[in-house]
2 protein chains.
Amino acid sequence: MKQTAKRTIYDIAKAAGSSPSTVSSVMNGTWKGRRIKEDTAKRILGLADELGYSVNQQARGLRTAQSGLIGLILPEHNNRFFSDLSQSFTLEARKRGQCPVIIATQRDPESETRTVRDLMAYSIDALFVVGAAEPSEISRLCRSSGLPHVFIDQPCPGAPSVITDNEDGARRLTRAIIETIKPDQQGDAKVYFLGGDARLHASSRRIVGFRTEIERHYGTCGPDQIIACGYDPDIALMRIRELYDRLGGLPAGLFANSINVFEALLRFLVDVPETEFQHVSVGCFDYEPYGEFLRFPVHMIRQRHRQLVRKAFEFLDQPPADNALLMVAAELRLA
Amino acid sequence: MKQTAKRTIYDIAKAAGSSPSTVSSVMNGTWKGRRIKEDTAKRILGLADELGYSVNQQARGLRTAQSGLIGLILPEHNNRFFSDLSQSFTLEARKRGQCPVIIATQRDPESETRTVRDLMAYSIDALFVVGAAEPSEISRLCRSSGLPHVFIDQPCPGAPSVITDNEDGARRLTRAIIETIKPDQQGDAKVYFLGGDARLHASSRRIVGFRTEIERHYGTCGPDQIIACGYDPDIALMRIRELYDRLGGLPAGLFANSINVFEALLRFLVDVPETEFQHVSVGCFDYEPYGEFLRFPVHMIRQRHRQLVRKAFEFLDQPPADNALLMVAAELRLA
DNA sequence: GTATGTTGCTCCATCGATTGTGCAAACTGT
DNA sequence: ACAGTTTGCACAATCGATGGAGCAACATAC
């Protein structure tokens with residue numbers, strides 16, 4: 001245990017008076033299949049521990065064309081959802097005896113492909129992809145090298161994907177918003193959908209869910225109620241201000257389609273008298289723990305990161321059809 | 001580019017009509033030193049690109065006893081400071097052409113040592129450690145294998161460490177809190193320090209900083225003003241409630257010594273009339289973007305994650321004395 | 001006593017890249 | 001024209017673990 005020089009199976013073999021291949025098979029657990037006596041195995045394990053030996057993964061990986069490394073690429077670390085995923089991913093990978101490698105690529109396509117290539121150079125055993133800028137390019141790369149991969153939170157045509165059931169989540173969130181609207185609400189009693197990009201899969205499903213619930217309750221959902229203004233908080237803030245001016249006050253309900261939009265709303269509300277904003281019913285399709293400490297109720301959708309990751313791993317163990325798309329229900333956190 | 005089978009230097013060599021060693025030295029950039037003609041190098045690079053070749057890092061690593069992998073272990077992903085660090089770490093590592101491996105160990109000593117061992121099995125080139133439960137054990141492990149390592153945000157005796165200047169940060173934060181106190185403050189006009197563990201390095205330095213500034217301004221700092229009740233938000237909430245009852249209202253100023261304490265404060269304030277809490281001057285020794293959206297000003301200390309990481313990398317390039325401890329000034333974000 | 005089977009290993013080629021060494025061919029100086 | 005130098009590359013051992021093949025010792029069968 002005190003040596004600085006790295007131990008190898010040859011050192012252990014010499015110390016145990018046996019051959020390197022015996023040590024090897026003891027260390028990798030195949031010794032029963034290779035008819036090594038249990039006594040021998042125990043003795044070798046003891047020596048290995050005593051001498052502070054640990055397998056050289058590079059050599060093993062070179063030989064077996066595997067590495068025990070498993071990759072996850074995501075846009076950034078500094079985001080609650082992504083760090084939730086990182087957490088679940090780490091736990092699951094370690095539970096399987098693999099080594100998680102998580103890399104943030106800043107939503108930059110070039111960085112994405114470079115990262116995928118780099119990871120492949122390490123012979124990673126599989127790759128999970130979250131929120132990639134160019135999913136199909138990544139899928140192509142993986143496919144061309146035979147690298148098993150699964151997309152999370154973002155469906156990629158032709159590749160197994162695990163995503164949140166956005167439509168169902170949006171319906172439940174919308175319902176919660178409607179139910180929280182106080183009956184004494186005067187003026188414009190409508191609910192507005194704010195933020196997101198209607199061309200993207202997630203947003204479009206959410207809009208469908210929102211519209212369905214609104215129509216069920218109010219009979220109709222005007223086009224003005226859906227303001228898919230993107231993810232930029234500054235633009236969202238402008239839209240909120242416009243809405244406020246147009247309505248002469250806050251609307252009855254607001255569906256914030258991302259954490260950024262929610263932040264914009266908070267920034268706007270800082271200057272609004274408390275008596276006013278305490279009457280707006282707010283829902284956010286994203287989770288932020290600080291939402292619970294606000295002076296008005298906020299319903300939030302939290303993605304089931306644990307489930308998403310688990311299902312993604314299951315896709316590795318039981319490879320599904322290439323176009324398999326699995327949906328996981330979101331968690332609705334009522335205020 | 002279309003082949004599923006992995007390319008090797010032998011394939012490229014055959015295609016280029018040259019030897020594997022030539023290809024190797026072209027791929028790893030040593031070709032000038034080995035007097036390879038520039039034409040040859042270019043031709044080989046072209047072929048490599050064309051055939052979709054990428055170096056097998058396992059083979060390279062086996063040969064060179066390096067890996068290009070660089071590790072970071074931290075308690076959890078789901079925390080602003082840690083994810084900030086992950087972000088900076090990733091950028092810096094990639095800039096150096098290394099592959100960042102970030103692993104969360106849940107503040108569990110066993111998980112920590114197992115992770116360090118696992119990472120060493122991959123011959124990682126260096127290891128950064130943040131917020132470990134047992135720093136000296138980790139340092140011992142690394143030392144025994146000759147693995148370069150640097151501690152961040154936590155000094156470890158005998159190992160190079162980069163930490164935030166807690167005393168200076170606490171002084172500046174305290175000063176900001178004092179300056180924000182409105183002159184019309186009636187009743188108990190004192191500032192209170194809440195949370196943390198006085199036995200730990202970081203907290204003790206912060207308490208020193210706090211006390212210094214308080215004494216400079218008020219001449220004295222009573223022992224009741226320092227409530228180092230740990231990091232549990234529930235306990236902190238109890239202490240806040242006690243303080244509130246004892247003073248018959250909110251104090252003039254509050255120094256929240258961690259994000260958990262700050263959350264406890266927010267939870268408490270949800271039930272306090274707005275007129276009351278708008279007069280308390282709050283500082284938090286931690287950063288949380290949502291602090292900016294509150295209806296009262298909060299000064300925050302944000303650790304310079306970028307700097308911490310940069311300095312840590314510099315320690316790798318220019319190994320300092322084993323007990324080197326470098327301090328980085330914190331960033332004070334005024335409300 | 002010979003044939004056949006089982007036990008418990010060992011031998012050695014191999015994975016792909018690296019690098020010290022060797023060696024022709026081209027060039028330089030005289 | 002011949003020794004000496006430089007240029008441009010090829011050879012082959014090596015890193016540490018793996019696993020198919022082989023082999024001696026012993027047991028069992030007939």
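The chains referred to below are lettered A, B, ... by the order of the sequence lines, with proteins before strands, and numbering in each begins at 1.
- The pair B:Lys32-B:Glu38 fails the salt-bridge criterion, with no side-chain N (NZ, NE, NH1 or NH2) lying under 4.0 Å from an Asp/Glu carboxylate O.
- Residue-level contact check: A:Ser24 touches the bases, meaning some heavy atom is under 4.0 Å from a base atom.
- Out of C:dT19, C:dT10, C:dG16, the shortest distance to the side chain of B:Asn56 is found at C:dG16.
- No side-chain heavy atom of B:Val328 sits under 4.5 Å from any side-chain heavy atom of B:Asp165.
- Of the side-chain N and O atoms in A:Tyr53, one or more sit less than 4.0 angstrom from OP1 or OP2 of D:dA17.
- Checked for salt-bridge contact, B:Arg96 and B:Asp317 meet the test: a charged N lies under 4.0 Å from a carboxylate O.
- If you take CH2 of B:Trp31 and P of C:dT19, they are 17 Å apart, rounded to a whole angstrom.
- Relative to the side chain of A:Lys37, the nucleotides D:dG8, C:dG8, D:dA10 differ in distance, and C:dG8 lies closest.
- Backbone-only engagement by B:Thr40 is indicated by non-hydrogen atom pairs under 4.0 Å involving sugar-phosphate atoms exclusively.
- In this model, no side-chain donor or acceptor of A:Arg7 finds a partner on the base of D:dG16 within 3.5 Å.
- Heavy atoms of A:Arg60 sit under 4.0 angstrom from primed sugar atoms or phosphate atoms, though from no base atom.
- Nearest-nucleotide assignment on DNA chain C puts the 5′-proximal partner with A:Gly17, out of B:Ser25 and A:Gly17.
- Counting any heavy atom pair closer than 4.0 Å across all strands shown, B:Thr8 reaches sugar-phosphate atoms only and no base atom.
- Under 4.0 Å is where a charged nitrogen must lie from a carboxylate oxygen, and between A:Arg199 and A:Asp197 at least one such pair does.
- Residue order along DNA chain C, read from the 5' end via each residue's closest nucleotide, puts A:Glu38 first among B:Ser21 and A:Glu38.
- Taking for each of B:Leu62 and B:Thr22 the nucleotide of DNA chain D with the nearest heavy atom, the 5'-most of the two is the partner of B:Thr22.
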